Structure formats: C-alpha cells, structure tokens
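Nothing here was measured: the structure is a model prediction, and the numbers come from that model. The residues of the chain are indexed from 1 along the displayed sequence.
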Amino acid sequence: MAKFVTCLNCMDGRVQLPAINWLMKEYSAEYVDMITEAGMDGYLVKNVNLPDGFIYKLNISAEKHGSNHIFIVGHYDCGGHPVDEKTHREHVHISVDKIKSIMPDSKVIGLWIDDKWAVEKIVEK
C-alpha cells in the first residue's frame, strides 16, 4: 500500500507545496491527504466540536488510506487567522492535543511555516 499522511493545512496556496514537499522528504510520504480550512490552527482552536464532515475526512484518510500521521500547519502571514507567530505556535500545540484526543492511534505533529516558506516541526504527540 502506498504511504499516505494527513495534513490539516490552511487553504492558502502558498503553503501547500512547502508542506507537501517537506512531508514527502521527511516522512517518505508518497501521498498527502490535504484537509484545508482558512487558518487551520485557529479553526481547530475556535471550534469546540469539529463538524462531522471534518471527522469523516480524518477517518477516510486513516481507514481507507492507512495514514497514521497527522500534521497540523500554522504559517506566517495567515489571512484566515491573522495573529502573531507566538499565538500561532500556541494554537498549533492546542490543535495537536485536540486532534490526538480524536485520533489517539495516530502520531500528531505540529508544523510552522515561516516567511521564507521553510517548514519547522514544533511539536509531536
């Protein structure tokens, strides 16, 4: 079976390829299931109960594609969650805990993408 990972990313097109390329290189992913929302880390923090459709997508990635790694991206200059870097990083940490509680059998990893579009791993659970 091909190796899939799951990426919960911002809809911002500037961060799609940096995230995908990094995941393919660092985690030997063949495919990246991308679930997007404007300002993903903010979306995960603000929504106490995630919509059924969101959970459905996570489950398809895990059950049908065999993904057992979920990545959550926060990034520089985010229009959907316009907060400073410190707040983004805090929200990525909170988001990792939240997704880990929903998907306990998965590795959940938080990423930060900076102003040069470089990817940094900031938390793993």
Greater than 12 external heavy atoms within 6.0 Å of Phe54's CZ: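 Above 12, so yes.
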Other hydrophobic cluster members with [X], side-chain heavy atoms of Ile/Leu/Val/Met/Phe/Trp/Tyr under 4.5 Å, chained?
X	result
Val48	none
Ile94	Val45
Val83	none

Those residues that, when tested against His69, pass side-chain hydrogen bond (donor to acceptor under 3.5 Å, both in side chains) (two or more places apart):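 Not a single residue meets the side-chain hydrogen bond (donor to acceptor under 3.5 Å, both in side chains) criterion with His69.
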Write out all pairs satisfying side chain to side chain donor-acceptor pair (under 3.5 Å) with one or both partners inside [range], taking only residues at least two apart or from two chains.
range	answer
residues 41-51	Asp41-His88
residues 93-107	Asp97-Lys125
residues 51-61	Thr6-Ser61, Asp33-Ser61

Selection residues 113-122 - residue pairs positive for salt bridge (charged side-chain N to carboxylate O under 4.0 Å, His left out), sequence neighbours left out: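 Listed by first then second residue: Arg89-Glu120, Lys121-Glu124.
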Donor-acceptor pairs under 3.5 Å, side chain of residues 71-78 to any protein atom, not counting sequence neighbours: which ones?
| unit_1 | atom_1 | unit_2 | atom_2 | d |
| --- | --- | --- | --- | --- |
| Asp77 | OD2 | Arg14 | NH1 | 3.0 |
| Asp77 | OD2 | Arg14 | NH2 | 3.4 |

Would you please name every residue forming a side chain to side chain contact (heavy atoms under 4.5 Å, CB included) with [X], sequence neighbours left out?
X	value
Asn21	Leu17
Lys86	Asp84, Glu90
Asn68	none

Reported SG-to-CE distance for the pair Cys10 and Met40, which is rounded to 0.5 angstrom: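 Those atoms lie 8.0 Å apart.
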Gap separating the CG atom of Leu23 from the CD1 atom of Ile109, nearest 0.5 angstrom: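 Here the interatomic distance stands at 8.5 Å.
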Side-chain heavy-atom pair Leu44, Leu50 within 4.5 angstrom cut-off: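 Contact flag for Leu44/Leu50 side chains = yes.
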